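Please read these numbers as outputs of a predicted model, since none were measured by experiment. Just so you know, ligand 1 is whichever comes first in the structure, and atom 1 is the first atom listed for that ligand.
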Amino acid sequence: MTSTLPFLPFSKPTIDEATIAAVGDVLRSGWITSGPKVQAFEALLSEYCGGRPVRTFNSGTCTMEIALRIAGIGPGDEVITTPISWVATSNVIIEVGATPVFADIDPVTRNIDLDKLEAAITPKTRAIIPVYLAGLPVDMDRLYAIADKHQLRVIEDAAQALGSSWNGKRIGAFGDFVSFSFQANKNITTGEGGALVLNSEAEAKLAEKYRLQGVTRSGVDGIDVDLVGGKYNMSDIMAAIGLGQFANIEAITAHRRALARHYFDQFGSDFEAASGAQLPVADFDNSNWHLFQIILPDLGPDTRANFMRQMAELNVGTGFHYAPIHLFTLYRERGFTEGMFPAAEKIGRLTVTLPMFYAMTLADVERAVAAVKSILVK
Ligand SMILES: *Cc1c(COP(=O)(O)O)cnc(C)c1O
C-alpha cells in the first residue's frame, strides 16, 4: 500500500503572517537583541502564570540549569528525575556538578512514579525535576506534598506543558520553579527559547545575572560582576515570534485536545485488544496534548524501527520520545545499566509518537490512524 497524499510530519510549527510581519518590524527597528519585545513577552507570561515573576532565555535547557544554580545545588547534592525525557533534563544536573538519580516511570502515565521517587530520596537529595511528558502533569498535590515533607526544591520540567493545567490551575501559576521550552516543536515556539517561572523578585534578579555574564548595572555607567553567568538571553526577534504564538495559546490547546479526542474515536475501544498496542491516558482537562504517543506491541528488537519505516512508506511521519536516558554512554559511565528501570526501558524501546500539531486536520488524524491500523491490526 502506498500513499499519494503529501507527507504528514509528526510535528510542524505554524507561524502566521502577522507574526512574520512583527519579526520584520523588529529587524527594521534598529534594536534586535533583548529589548521591548522581550519585556512584553515576559509580562504576558507572568500575567498568564498568576502574576509570578517570569524571565525568558534562549533555551529551555538553560532555565533548568539556572534554577538549580539559584537553588544552590551543586557537588555532593542528589537530584531525582525520570529516565524518560529529553536528555537535557538530567544533563543540567551533571552540568551544575550534582548527581542525577533516576526513579522509574508509571507505565500508564509514562511520567515519574511518585512512589518510586519518594523511595529514592536520601539525606543528600536536594531537588526533584519532574517531567510532564506529552503535556500530562504528574499528581501535583502529591508531588508538592513529597517536596514539603522532605524539604526539597522542585524544578518542574514543563518544557512540553505550556497550556496544561492541574485541577483547573495552570501549570506555571503555582509551585516552585517552572521551566518552559519554546523549541521549534513545542506547542508555542520562538525558534529556540525558554522561560522560567520564579518565586520572588530576588530570584528573578539572580536569574537575570545568570542569564548575562553575572552583570549588575546601576546608574549611568555603573557595572559589577559577582558571579559566573552565561550568555542565555532571548532576543527581540525571538520574543516577537513568541508574542505572535502566545496570542493563540487557548486556540492551540483546544485544537490539540480536539485532535486527541479524534484519535481516540478513530482508534475505537477495541484497538488495544486487536493490536496489542497501548494508547495514552485519555485526559482532556489537564494535558495540552503536546504529543500523541502509543506503545507498540513487543515484536522483538526491531519492533519500532520496522513500524516507523512502514509508517514512512505510508507517508506518515513518526518520532520517539524518548530513549531511556540512563542507558546512554554518559550515564552508563556513571554506573547505570539495563534492568534498573524496567518500565522506562520497555517504554523507551516501544513508544512511538504520532502526528500532532496545530495545523493538522481531523482528516490527517484519520489518515494516521488508518496507517497504524493497517500495520498493527491483522
Ligand atoms: C524540549 C525539552 C527540553 C529542552 O528544551 P530546549 O528548549 O530544547 O532546551 C527539556 N525537557 C523536555 C521534556 C523537553 O521536551
Side-chain angles (χ1 to χ4, degrees), residues 10-13 38 41 45 54-69 79-96 100 102-103 105-106 109-112 127-138 143 154-164 171-172 177-197 207 210-211 230-235 238-239 241-242 245-246 252 256 280 287-293 319-326 328 330-331 344 347-348 351 353 356-357:
F10 81 80
S11 179
K12 185 170 81 173
V38 164
F41 190 33
L45 288 167
V54 179
R55 294 296 180 272
T56 56
F57 300 84
N58 57 23
S59 77
T61 304
C62 74
T63 66
M64 295 192 282
E65 184 186 324
I66 288 169
L68 287 166
R69 292 196 193 281
V79 180
I80 304 174
T81 191
T82 169
I84 293 291
S85 182
W86 178 229
V87 68
T89 310
S90 56
N91 279 354
V92 294
I93 302 170
I94 298 177
E95 189 68 40
V96 302
F102 295 105
I105 60 169
D106 172 333
T109 66
R110 307 156 193 178
N111 282 328
I112 195 165
I128 316 169
I129 308 185
V131 174
Y132 312 144
L133 191 69
L136 181 71
V138 299
L143 172 76
V154 179
I155 295 107
E156 298 182 27
D157 182 348
Q160 304 186 356
L162 190 68
S164 298
I171 294 299
F177 295 108
V178 185
S179 160
F180 294 113
S181 166
F182 306 122
Q183 184 268 340
N185 282 345
K186 300 300 183 331
N187 289 21
I188 279 180
T189 186
T190 56
E192 297 288 353
L196 182 63
V197 188
Y210 280 117
R211 181 168 68 178
K231 172 64 179 173
Y232 298 130
N233 56 305
M234 177 179 279
S235 73
M238 300 154 90
I241 303 173
Q245 293 268 293
F246 191 66
I252 289 170
R256 284 173 173 270
S287 178
N288 68 357
W289 287 98
H290 172 60
L291 301 170
F292 193 98
Q293 299 170 295
F320 63 99
H321 304 86
Y322 291 95
I325 295 172
H326 68 286
F328 289 141
L330 179 68
Y331 290 84
I347 282 170
T351 187
T353 302
M356 172 65 84
F357 52 91

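The two atoms that bring P324 and G348 nearest to each other are CD-CA, 3.8 Å, heavy atoms only.
Considering T61, T89, T81, T82 in turn, T89 is the only one that fulfils the side-chain hydrogen bond (donor to acceptor under 3.5 Å, both in side chains) rule with D157.
Inter-residue side-chain proximity for T351 and H321 is flagged as unmet; no heavy-atom pair is nearer than 4.5 Å. In this structure, the side chains of Y232 and S59 stay at 4.5 Å or more apart for every pair of heavy atoms. Inter-residue side-chain proximity for Y132 and S164 is flagged as unmet; no heavy-atom pair is nearer than 4.5 Å.
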Identify all N/O pairs between ligand 1 and the protein with a separation under 3.5 Å and present them as a table of atom names and distances.
from     : atom 1 : to   : atom 2 : distance (Å)
ligand 1 : 5 (O)  : S181 : OG     : 3.3
ligand 1 : 7 (O)  : G60  : N      : 2.7
ligand 1 : 7 (O)  : S181 : OG     : 2.7
ligand 1 : 9 (O)  : G60  : N      : 3.3
ligand 1 : 9 (O)  : T61  : N      : 2.8
ligand 1 : 9 (O)  : T61  : OG1    : 2.5
ligand 1 : 11 (N) : D157 : OD1    : 3.3
ligand 1 : 11 (N) : D157 : OD2    : 2.8
ligand 1 : 15 (O) : Q160 : NE2    : 2.9
ligand 1 : 15 (O) : K186 : NZ     : 3.2
ligand 1 : 15 (O) : Y322 : OH     : 3.3

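Remark: F180 engages no residue in a ring-ring contact (aromatic ring centres under 6.0 Å, His included) (not counting sequence neighbours).
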